[in-house]
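Order of the sequence lines fixes the chain letters, A, B, ..., with proteins taken first and strands second; residue numbering starts at 1 for each chain. Values below: all heavy atoms of this structure, side chains included; hydrogens, waters and symmetry mates excluded.
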Amino acid sequence: MLFFIVLSPLFARGIYQSDKDFLLEVFLNNVPKSNAIFLTGDLRKSVETILGHPYASIRIRYWRQEGRSAWILEEVGKMEPITFGIVIKDNKIEKIKVLAFRERRGSEIRYMAFTQQFVGATLEGNKLNKNIDGISGATLSVWAMKSIAKLSLYLDQYINKVNEKN
Amino acid sequence: MKKIRITKKSINRIHRLTGLFVCLFLIHLAITGMLLNHSEDLNLDESYLSGRWLLDQYNLSVPEAEEVFVIDDLVISKYGPQVFLEATPVFKSNNPILGAIKNNGIIILAFQDRLVLLTLNGTLIEKMGQEAGVPPFINKIGILKDNIYINADDQLWKGNYSMENWSLTKNTDINWSQQRIMPEKSEKALKQYFTGQGVSLEQFILDLHNGKIIQYFGKELLDIVGLLLLILSVSGFWIWLKRRP
């Protein structure tokens with residue numbers, strides 16, 4: 001029993017769902033063509049403000065169909081990047097999921113009981129409009145998920161503005 | 001049973017032998033102690049040692065590169081999960097690098113499940129997997145007349161400019177990316193990354209002084225020396241008491 005308790009966090013590491021399968025699930029097997037945005041200029045600065053550091057890459061890919069946008073984003077929990085899949089509709093989070101978890105601790109953020117708190121959350125300034133209850137022992141992973149939730153909402157707003165202009 | 005008798009002669013002998021053995025360590029402790037006492041004057045903290053044996057003692061040895069690719073003058077290597085462009089760590093991957101090419105001012109690294117795009121100064125542009133249109137199960141990557149080719153799942157694919165669209169092709173004259181030997185200049189730079197300047201002379205002398213340089217029994221050896229010093233002191237005092245008129 002003790003053996004299982006000690007080793008269980010190690011077994012929680014891994015890929016829960018591939019990026020492709022996430023998109024197939026979100027768009028019901030009809031995945032639209034992807035688009036990408038480059039993090040340059042003011043956008044880069046805004047992203048840096050939200051995360052507290054620059055994003056890992058300078059190009060972010062997204063998928064958009066019928067008012068919904070899907071994002072696959074990474075953020076470091078403590079040492080290793082966690083891959084999140086996020087769906088935004090009407091400026092609100094429709095779904096957030098941990099696709100790959102590589103840390104030793106904090107994998108509890110993958111449970112639906114936790115991710116469900118983000119559903120319906122919108123961005124107010126640079127904060128979420130909903131209070132997200134933390135998980136003891138998974139503080140950094142929770143912070144990572146909150147940061148990515150804010151980032152995806154911000155990027156969704158950004159692409160909506162760009163599309164309106166065009 | 002034979003009775004052990006402590007005589008003046010036997011104490012003298014113990015004292016002499018202990019003194020002989022301990023004096024070597026006392027000389028060592030005195031010299032290293034004096035050096036440490038004047039560490040700042042002698043700039044011991046600004047001098048560095050980088051011998052391979054010494055670096056091994058401090059677990060500062062340079063690991064072996066798992067993969068090395070050279071594109072023009074740029075060296076891409078992987079040590080454990082860390083991928084380096086020259087001596088700069090750029091990102092981590094648990095999968096091996098299968099090839100590296102440069103096209104339109106972008107470095108493209110091939111992994112089994114994705115292509116990783118870097119700028120020439122090592123900034124990560126994007127990791128493109130199946131979700132971005134890249135075929136899975138990549139074996140190798142190559143280039144021909146500014147076109148990118150990958151061999152994935154035993155099929156030859158040609159990518160478009162953005163690498164989002166791939167079409168099956170049959171071209172066979174492709175320059176496939178292959179591993180190379182690490183250039184000496186890059187090896188030196190990476191050694192510097194892993195070991196820094198080396199071990200400071202001050203740290204080395206301090207570890208010589210306190211015995212930590214001998215990893216497994218340095219501390220115990222100094223305990224033995226301490227014990228012998230106690231025996232030396234007690235036997236010396238005993239001899240002095242006996243010689244008093």
Side-chain angles (χ1 to χ4, degrees), chain A residues 10 13-15 17-27 29-40 44 47-48 53-65 69-87 97 99-104 155, chain B residues 76 78-85 88-97 100 103-138 148 150 152-153 157 159-167:
Chain A
L10 296 178
R13 294 156 78 180
I15 296 169
Q17 189 174 30
S18 73
D19 300 356
K20 189 189 172 192
D21 288 344
F22 171 72
L23 294 169
L24 287 170
E25 181 190 297
V26 169
F27 296 108
N29 293 328
N30 184 24
V31 182
K33 196 178 176 336
S34 65
N35 292 294
I37 43 176
F38 272 91
L39 303 181
T40 52
R44 187 178 61 85
V47 168
E48 206 170 321
H53 59 83
Y55 187 67
S57 63
I58 55 172
R59 189 161 79 184
I60 294 180
R61 196 164 291 277
Y62 67 94
W63 293 259
R64 202 156 186 266
Q65 195 177 63
S69 67
W71 305 82
I72 294 170
L73 302 168
E74 283 189 351
E75 173 67 338
V76 172
K78 187 179 181 185
M79 300 290 285
E80 303 293 336
I82 307 167
T83 309
F84 297 96
I86 311 104
V87 183
K97 216 172 172 181
L99 303 182
F101 192 85
R102 304 168 185 91
E103 298 276 10
R104 280 180 175 270
L155 292 173
Chain B
I76 291 127
K78 188 164 168 279
Y79 291 79
Q82 187 64 61
V83 177
F84 288 87
L85 175 65
T88 309
V90 280
F91 68 96
K92 286 181 179 178
S93 173
N94 290 321
N95 296 321
I97 307 173
N103 195 28
N104 297 315
I106 290 175
I107 296 167
I108 304 148
L109 308 183
F111 292 84
Q112 193 203 22
D113 60 342
R114 59 192 60 232
L115 299 176
V116 177
L117 280 52
L118 301 172
T119 63
L120 295 181
N121 61 16
T123 305
L124 178 66
I125 299 174
E126 194 186 356
K127 295 175 185 173
M128 294 175 75
Q130 221 179 332
E131 77 291 345
V134 177
F137 308 113
I138 300 169
I148 300 158
I150 56 170
D153 209 9
W157 298 84
N160 71 339
Y161 179 82
S162 64
M163 284 171 278
E164 289 168 345
N165 294 314
W166 295 82
S167 54

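- Around CG of B/L120, the count of heavy atoms belonging to other residues, nucleotides or ligands within 6.0 Å exceeds 12.
- A 6.0 Å sphere centred on CG of B/N104 holds more than 12 heavy atoms belonging to other residues, nucleotides or ligands.
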Below 3.5 Å, can you tabulate the donor-acceptor pairs from side chains in residues 107-117 of chain B to any protein atom, sequence neighbours excluded?
none

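- The two residues B/I125 and A/S57 come nearest to each other via the heavy atoms O-CB, 3.1 Å.
- Between B/Q130 atom CD and A/D21 atom CG the span is 8.0 Å, to the nearest 0.5 Å.
- Side-chain contact between A/W63 and B/E131: present, with at least one pair of heavy atoms (C-beta onward) separated by less than 4.5 Å.
- Using a 4.5 Å heavy-atom cut-off against chain B, the contacting residues of residues 30-40 of chain A are A/K33, A/S34, A/F38.
- Residues passing the side chain to side chain contact (heavy atoms under 4.5 Å, CB included) test with A/P54 are A/E48, sequence neighbours excluded.
- For the salt bridge (Lys or Arg N to Asp or Glu O under 4.0 Å) condition, the pairs that include at least one residue of residues 115-130 of chain B, sequence neighbours left out, are A/R59-B/E126, A/R61-B/E126, A/E74-B/K127.
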